[in-house]
Amino acid sequence: MPKALIPGSFDPVTFGHLDVIERTAKLFDHVLVAAVANPAKARSLFTLEERQAMLADVTAHLANVEIGAFEGLLVDFAMAHRVDAFVKGLRAVSDFDVELQMAQMNERMSGIATLFFPTAPEHSFLASSLVREVARFGGDVSSMVPAPVAQRLKERFNQ
Ligand code: PNS
């Protein structure tokens, strides 16, 4: 029963993430989507519980997708959950350097390889950080994130 793990900050989950999750769910028996407890990049806009709730909401139609969370090293979580592969989306060449380095480091530590999906072209510019910024200033994010996420962004920014 091949099992994939899609890790990320998901602050918040975008249509780009959802596309990768849906495509992975077609190829693997089981997909574990795990939000990192303490994103490295910045203090998160949404709490871990909120990020997980949004993930659960937007993946409710996918019977083989489970939402989780992890703290510390990704490989420790992956080995404890006996996953067969990591899956990540690649938007542009700029993602490649850092993703390749992480993939090689993770494989060295765990023996678990990373598979990459090229992001669908219509989502290639999408980044959670940009979505947060657009939403913060009242921009329309309805084409970038699923409706429940757009709603939460509105509430977070008191709009
Ligand atoms: O959505 P993001 O922010 O690009 O996800 C990055 C994430 C969470 C996958 C990465 O930062 C990570 O795996 N963090 C856990 C700590 C860890 O294992 N670091 C070593 C990576 S080689």
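Index from 1, following the sequence. Atoms considered below: every heavy atom in the structure, side chains included; atoms not considered: hydrogens, waters and symmetry mates. Counting convention: from 1, in listed order, for ligands and their atoms alike.
- Side-chain atoms of Thr59 never come within 3.5 Å of backbone atoms of Val65 as a donor-acceptor pair (strictly under, hydrogens ignored).
- At the shortest separation from atom 21 (C) of ligand 1 among protein heavy atoms lies Asn106 OD1, 3.9 Å.
- From His123, atom NE2 reaches atom CZ of Arg91 across 12.5 Å, with rounding to the nearest 0.5 Å.
- Closest protein heavy atom to atom 12 (C) of ligand 1: Phe70 CZ, 4.5 Å.
- Taking every heavy atom of Leu74 and a limit of under 4.0 angstrom, the matching atoms of ligand 1 come to 13 (O), 17 (C), 18 (O).
- Ranking protein heavy atoms by distance to atom 4 (O) of ligand 1, first place goes to Lys41 NZ, 3.1 Å.
- Checking atom 17 (C) of ligand 1 against the protein gives a heavy-atom contact under 4.0 Å.
- Summary of contacts: the protein heavy atom closest to atom 19 (N) of ligand 1 is Leu73 CD2, 4.0 Å.
- Side-chain atoms of Lys3 come within 3.5 Å of backbone N or O of His81 as a donor-acceptor pair.
- In terms of polar-atom proximity, defined here as any N/O pair under 3.5 Å, Met105 makes no such contact with ligand 1.
- For the atom pair CZ (Phe46) and CD (Gln52), the distance works out to 14.0 Å, reported to the nearest 0.5 Å.
- Heavy-atom proximity to Gly72, at under 4.0 Å, picks out these atoms of ligand 1: 15 (C), 16 (C).
- Looking at Val36 against ligand 1, only its side chain comes within 4.0 Å, counting heavy atoms.
- Heavy atoms of Ser128 come nearer than 4.0 angstrom to ligand 1 in no pair at all.
- Protein heavy atom in closest approach to atom 1 (O) of ligand 1: Ser9 N, 2.9 Å.
- Heavy-atom proximity to Gly8, at under 4.0 Å, picks out these atoms of ligand 1: 1 (O), 5 (O).
- Proximity of a side-chain donor or acceptor of Arg51 to a complementary backbone N or O of Ser9 within less than 3.5 Å is detected.
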